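Beneath this line is the structure, given in structure tokens, with notes to follow.
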Amino acid sequence: MDQNKGILLESGTNELEIVEFSVGKNKFGINVIKVKEIINPAPIIPIPHAHQNVEGIIELRGEVLPVVNVEKALALPASKSPEMDKFIVTEFNKQKIVFHVHNVTQIHRISWNQIEKPSDMYQGSNSPIIGVIKLHGEMILLLDFEKIVTEINPESGINIQRVQKLGKRERSDKKLIVAEDSPLLRNLLHDTLSEAGFDQVEFFENGQDAFRYLESLTAEGKKIEDEIQLVITDIEMPQMDGHHLTRRIKEDSKLSKLPVIIFSSLITDDLRHKGQMVGADAQVSKPEIAELVLLIDKHAL
């Protein structure tokens with residue numbers, strides 16, 4: 001294995017690899033961790049009354065997988081040479097989904113701090129763009145695949161009913177910090193955590209902003225456990241990812257006692273060791289919000 005690959009096997013380096021693909025003239029990126037394989041188009045069986053962005057299903061080595069048409073999901077023009085299109089087979093949020101794109105070009109290794117947060121001027125809460133990467137004079141847009149899937153199947157997202165099934169809960173005075181870059185998920189987490197009794201929740205759009213806030217508290221001479229009782233972080237975020245945030249917290253003598261829960265679509269048996277290596281106290285796969293609430297109960301200071 002080459003040296004570059006070795007760096008990526010470490011956790012908390014704030015680096016990632018992205019697969020660059022295109023739809024029409026636009027270049028997009030997806031985290032390599034989500035990609036199982038890239039294949040040529042297979043015969044698709046249409047499903048009556050399926051969502052407009054779902055082309056149908058394919059069989060891949062005995063598994064039946066849904067195919068999402070990315071050009072439709074993004075309202076972009078149709079492929080000019082469909083026979084050259086590609087299928088990106090993905091796994092996240094504990095499910096496998098195939099994304100139909102026009103072309104897959106290359107893999108780039110970059111740092112999360114090379115990824116700019118989209119401006120509110122063009123992002124808005126409905127935008128599927130979670131980051132902009134400037135690379136070799138071009139711009140690659142990082143897509144929010146969870147949002148694309150949740151729009152097709154809202155049940156696959158964070159669901160307040162799952163918290164309600166926990167029964168009546170006492171209001172908590174615990175103060176929580178959440179680092180999550182998706183506006184949609186910040187809103188959902190606000191509502192579900194409030195339903196679970198947690199009203200004192202401070203949200204940050206990325207790990208860097210959250211870490212600066214924590215540092216500012218200890219710089220004022222405050223004991224961190226008096227100010228914040230738990231941190232929840234996503235993994236994929238511009239500027240600083242959740243693994244790097246967790247490592248920075250656990251390596252800081254004034255912050256290290258803070259419990260950190262990683263709440264991400266990337267929590268799988270294969271990737272759980274990455275969170276363990278940086279010292280996470282617990283890890284939960286989206287959208288298991290009820291499990292997250294029980295872990296907050298268990299770990300909060």
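Computed from a predicted model, the values in this text were never measured in an experiment.
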Answer yes if the side chains of N14 and W112 hold a donor-acceptor pair under 3.5 Å, and no otherwise.
no
Flag side-chain contact, heavy atom, 4.5 Å: D241 against E15
no
Main-chain N/O of D199 paired with S194 side-chain donor or acceptor, under 3.5 Å:
no
Should E205 and R186 be marked as a salt bridge (Lys or Arg N to Asp or Glu O under 4.0 Å) after you check the CA-CA gap, both sets of side-chain angles, and the distance that decides it?
CA-CA 9 Å; E205 295 181 355; R186 284 199 300 273; 3.6 Å; yes
Shared hydrophobic cluster for I177 and L193 (ILVMFWY, side-chain gaps under 4.5 Å):
no
Can you measure from CD (E180) to OG (S264) and round to the nearest 0.5 angstrom?
8.5 Å
Donor-acceptor check, side chain of N93 to backbone of Q95, threshold 3.5 angstrom: yes or no?
no
Which residue is it: E17, E91, E146? I am looking for the one with a salt bridge (Lys or Arg N to Asp or Glu O under 4.0 Å) to K34.
E146
Report, as yes or no, whether the 6.0 Å neighbourhood of atom CG on L301 holds more than 12 heavy atoms from other residues, nucleotides or ligands.
yes
Given the rule in the salt bridge (Lys or Arg N to Asp or Glu O under 4.0 Å) test, do E151 and K147 qualify, once you have shown the distances and angles that lead to the verdict?
CA-CA 6 Å; E151 284 175 350; K147 186 174 191 301; 2.5 Å; yes
Are T150 and I158 packed together at the side-chain level, in the sense that at least one heavy-atom pair is separated by less than 4.5 angstrom?
no
Would you check, one step at a time, whether the test side chain to side chain contact (heavy atoms under 4.5 Å, CB included) holds for V54 with N69?
CA-CA 6 Å; V54 176; N69 186 311; over 6 Å; no
Is there side-chain contact between I115 and V132, with at least one heavy-atom pair below 4.5 Å?
no
Find out if a path of hydrophobic residues (ILVMFWY) with successive side-chain heavy-atom gaps under 4.5 Å connects F198 to I289.
yes
Hydrophobic clustering (ILVMFWY, side-chain heavy atoms < 4.5 Å, transitive) - are Y213 and I232 grouped together?
no
In this structure, CZ of F204 is separated from CG of D181 (nearest 0.5 Å) by 14.5 Å
Testing V19, I88, D85 one by one against V101 for a side chain to side chain contact (heavy atoms under 4.5 Å, CB included), which residue passes?
I88
Same cluster or not: are I129 and M237 linked, directly or through other Ile, Leu, Val, Met, Phe, Trp or Tyr residues, by side-chain heavy atoms under 4.5 angstrom apart?
no
Tell me, do S79 and E71 make a side-chain contact under 4.5 Å, heavy atoms counted?
yes
Minimum-distance pair of heavy atoms, taken over all atoms of G279 and T246:
C-CG2, 4.1 Å
Is any side-chain heavy atom of H108 closer than 4.5 Å to one of Q106?
yes
Can you find a heavy atom in the side chain of L143 that is under 4.5 Å from one in the side chain of I30?
no
To the nearest 0.5 Å, how far apart are OG in S172 and CG in D297?
7.5 Å
Verdict with reasoning, I262 to H243, per side chain to side chain contact (heavy atoms under 4.5 Å, CB included):
CA-CA 8 Å; I262 297 176; H243 284 143; 3.7 Å; yes
Got a donor-acceptor contact below 3.5 angstrom from the R272 side chain to the Q283 backbone?
yes
Do you know the tightest heavy-atom contact between I140 and G29?
CG2-N, 3.6 Å
Between E20 and T105, a side-chain donor and acceptor under 3.5 Å:
yes
For I133 and I18, run side chain to side chain contact (heavy atoms under 4.5 Å, CB included): C-alpha distance rounded to whole Å, both residues' side-chain angles, the deciding distance at 0.1 Å, then the answer.
CA-CA 10 Å; I133 306 158; I18 60 158; 3.6 Å; yes
For P66 versus K96, what's the shortest heavy-atom pair and its separation?
CD-O, 3.6 Å
Nearest heavy-atom contact between V284 and I267 is O-CG1, 3.4 Å
If only atom types and distance count, is the side chain of Q229 paired as donor or acceptor with the main-chain N or O of E225 below 3.5 Å?
yes
Are V231 and M277 co-members of a hydrophobic cluster defined by side-chain heavy atoms under 4.5 Å apart?
no
Separation of M240 CE from N206 CG (nearest 0.5 Å):
8.0 Å
Side-chain (R162) to main-chain (P287) donor-acceptor, under 3.5 angstrom
yes
Do L16 and R109 have side-chain heavy atoms sitting under 4.5 Å apart?
no
Value for CZ (F28) from CE (M139), rounded to nearest 0.5 Å, stands at 11.5 Å
For K254 and E215, what are the C-alpha separation, side-chain angles and deciding distance, and is it a salt bridge (Lys or Arg N to Asp or Glu O under 4.0 Å)?
CA-CA 9 Å; K254 294 177 181 174; E215 277 191 316; over 6 Å; no
How about H190: does its NE2 atom have over 12 heavy atoms from other parts shown lying under 6.0 Å from it?
no
Output yes when a side-chain donor or acceptor of S182 lies under 3.5 Å from a complementary backbone atom of L185, and no otherwise.
yes
Start with the C-alpha distance between I148 and V68, add both sets of side-chain angles, then the distance that settles side chain to side chain contact (heavy atoms under 4.5 Å, CB included), and finish with yes or no.
CA-CA 9 Å; I148 292 170; V68 174; 4.1 Å; yes
For L245 and A179, work out which heavy atoms get closest and say how close.
CD2-CB, 4.1 Å
Check against salt bridge (Lys or Arg N to Asp or Glu O under 4.0 Å), D226 and K175
CA-CA 9 Å; D226 295 339; K175 295 175 193 166; over 6 Å; no
Quick check: do I228 and L176 have side-chain heavy atoms less than 4.5 Å from each other?
no
Nearest heavy-atom approach of I58 to A42 is CG2-O, 4.2 Å
Spatial distance of atom CG (L142) from atom NZ (K117) [nearest 0.5 Å]
14.5 Å
Do the two ring centres, one from F99 and one from F87, sit under 6.0 Å apart?
no
Looking only at side chains, do E236 and N31 share a donor and an acceptor under 3.5 Å apart?
yes
Kindly say whether S111 contributes a backbone atom to a donor-acceptor pair with the side chain of Q114 at under 3.5 angstrom?
yes
Quick one about K86 and N103 (side-chain donor to acceptor, distance below 3.5 Å, no hydrogens or angles considered), yes or no?
no
